Protein chains: 2
Amino acid sequence: MTDTTTSPRRASRPPRAPRRDAAENRVAILDAAISELNHDPDASLETIASAAGLSRRSIYGHFSTRDELVAELNDRGIARVTAALAPIRHSDARIALALVGARLWSEVEDVRVTAQLAIRGPRREIVGNGLEPVRRGVLDLVRQGVEAGQLRTDIEPGTLARLIEGAALSVLDEAVRADISRGEGHRLVMLVALSTAGLSWREAAELIDASPELTLAAQPDASHHAGDTE
Amino acid sequence: MTDTTTSPRRASRPPRAPRRDAAENRVAILDAAISELNHDPDASLETIASAAGLSRRSIYGHFSTRDELVAELNDRGIARVTAALAPIRHSDARIALALVGARLWSEVEDVRVTAQLAIRGPRREIVGNGLEPVRRGVLDLVRQGVEAGQLRTDIEPGTLARLIEGAALSVLDEAVRADISRGEGHRLVMLVALSTAGLSWREAAELIDASPELTLAAQPDASHHAGDTE
DNA sequence: AATAACTTGCACATCGATGTGCAAGTTATT
DNA sequence: AATAACTTGCACATCGATGTGCAAGTTATT
């Protein structure tokens, strides 16, 4: 049990601090869970545990139920997404939307589980609540863009916002499927977001290339092949 | 057991024909399964049975295992998709792609389960095989369009084909979520497919409005199941 | 009206997964 | 070196779901 009793009992020796390896294992479990649940949303604790290099029993030392583990995953995902998207503000809604895609992309692995949980499955409603602020943000961007005459007006903003969200998700799916490089996926998700928003592919490319924020965002490391477009 | 023993035993009275209500129940089960699995891909047989107005036990009179039921659902879905998409051929790949979206849309309810199964979950590979021909078809269309200079060239055809597929799927998701009208969804799925393919929203609208095949396809009214095969 | 086809409800076996308790081992920390 | 923190393996209880057998009921069809 990792439970750290914070309440100091008087007239008793101070309890020893929790061990470091335990904390590492906790992280290992979370990482393994993310990875396994990406492949199969119903992966068992047994599967997750062994992917983390631990026994199933040990998981219960860190999370008292499976649901608690998943909830924690979800919270972290939401926190990351929120943190990544919060600072985005731009006079050009198109650029802002592309940025949303780009930032999301850089969180792919960790965020995908959350996204999936939020969209499908019986808990959709409950889990999705945490993402509400993010969705509102995207919706606001869409509205802003529509008013500025930069985005399509043939689809109702609310719907459009969700479609953009969905389009971005398919890029994440494709990324997992085809093991896309970081740089490639980065550009891809921006292109798709802009396309869904109504731009032609040439307009999208132009916008991205002309905008320093967007090209810069592509740099942050290319763990795979950094190779430019062929 | 619905098992119709076709082998005629000599020197015995001909076995009575299977009853009609049994066939109806079978259909009811399939329909209920489609509907329930749309909400929760892991819906139990109990849930499906009661949605069909039958007892769980009765399902085993029609399907010997749960997997068999799901497999049948899947086969039907594939058959319908294949049948709906096969006749599509058009000199303009853009129109053909929009048609793909439109035809898919008209099968929404029945097809969504199949699509989900094909994309997510541990059986992805296996289930997806049946859709291979369809996917090749879309890929061919994309290639055709790229060669004709009608579609975007900044995304590799294979990837683009899957992204279009994914975009269409999000419309289906949105449809279930927001209970979109048939006519609206019809147009939506075409717009999104074309947008993902690289057209600007104005180009897409123009193309759709100028093309009789596409506008006509929108008509087929809101009548539900036009009548099951056989 | 007779009969086969079907449905239902119950009891039961089985499976995979979750979650607990405990004793015996390891390992980080003091 | 001592000790608390942690992990492990086992046994066990429980749960929800699948699948079967069977006897007793219904209902379509002849």
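By convention in this document, chain letters (A, B, ...) are assigned in the order of the sequence lines, proteins followed by strands, and residues within each chain are numbered from 1. No experiment lies behind these values; they were computed from the predicted model shown.
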Distance test, side-chain N/O of B:Ser55 to OP1/OP2 of C:dT7, below 4.0 Å: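 Checking C:dT7 against B:Ser55, no side-chain N or O comes under 4.0 Å of OP1 or OP2.
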
B:His62 side-chain N/O to C:dT7 phosphate OP1/OP2 under 4.0 Å: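 For C:dT7, OP1 or OP2 has a side-chain N or O of B:His62 closer than 4.0 Å.
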
Heavy-atom closest pair, residues B:Gly185 and B:Val171: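 For B:Gly185 versus B:Val171, the nearest heavy atoms are O-CG1, 4.4 Å.
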
Contact summary for B:Leu191 and B:Ala204, nearest pair of heavy atoms: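 Looking at all heavy atoms of both residues, the closest pair is CD2-CB, 4.1 Å.
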
Taking [atom1] from [X] and [atom2] from [N], how many angstroms apart are they, rounded to a whole number?
X       : N      : atom1 : atom2 : answer
B:Asp42 : C:dG16 : CG    : C1'   : 14 Å
B:Phe63 : D:dT20 : CZ    : C1'   : 18 Å
B:Glu68 : D:dT20 : CD    : P     : 10 Å
A:Arg57 : C:dG21 : CZ    : P     : 8 Å
B:Glu24 : C:dA5  : CD    : P     : 18 Å
A:Leu45 : C:dT20 : CG    : P     : 11 Å
A:Asp40 : C:dA17 : CG    : C1'   : 13 Å
B:Ile48 : D:dA17 : CD1   : C1'   : 12 Å

Could you tell me which nucleotide pairs with [N] by Watson-Crick or G-U wobble geometry, both distances under 3.5 Å, or answer none if nothing does?
N      : result
D:dC22 : C:dG9
D:dT27 : C:dA4
C:dG16 : D:dC15

Distance-only donor-acceptor test (3.5 Å): side chain B:Arg16, base D:dT29: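 Looking at the base of D:dT29, it does pair with a donor or acceptor on the side chain of B:Arg16 (distance under 3.5 Å).
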
B:Arg19 (side chain) and D:dT27 (base): donor-acceptor pair under 3.5 Å: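 Per atom types, the contact qualifies.
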
If you check every side-chain atom of [X], which of [options] has the closest atom?
X       : options                : value
B:Ala22 : C:dC6, D:dC6, C:dC10   : C:dC6
B:Arg20 : D:dT29, D:dG9, D:dC6   : D:dT29
A:Arg66 : C:dT8, D:dG9, C:dT18   : C:dT18
B:Asn25 : C:dC22, C:dG9, C:dC6   : C:dC6
B:Ser44 : D:dT18, C:dT18, D:dA28 : D:dT18
A:Arg56 : D:dC6, D:dT26, C:dT20  : C:dT20

Donor-acceptor check, side chain of [X] to backbone of [Y], threshold 3.5 angstrom: yes or no?
X        : Y        : result
A:Thr159 : A:Ile155 : no
B:Ser170 : B:Gly166 : yes
B:Trp105 : B:Arg182 : yes

Most 5' of A:Ala17 and B:Ser64 on DNA chain D, judged by nearest nucleotide: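 With A:Ala17 and B:Ser64 compared, the 5'-side residue is A:Ala17.
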
Heavy atoms of other groups near B:Arg66 CZ, more than 12 under 6.0 Å: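 Result for CZ/B:Arg66: enclosed.
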
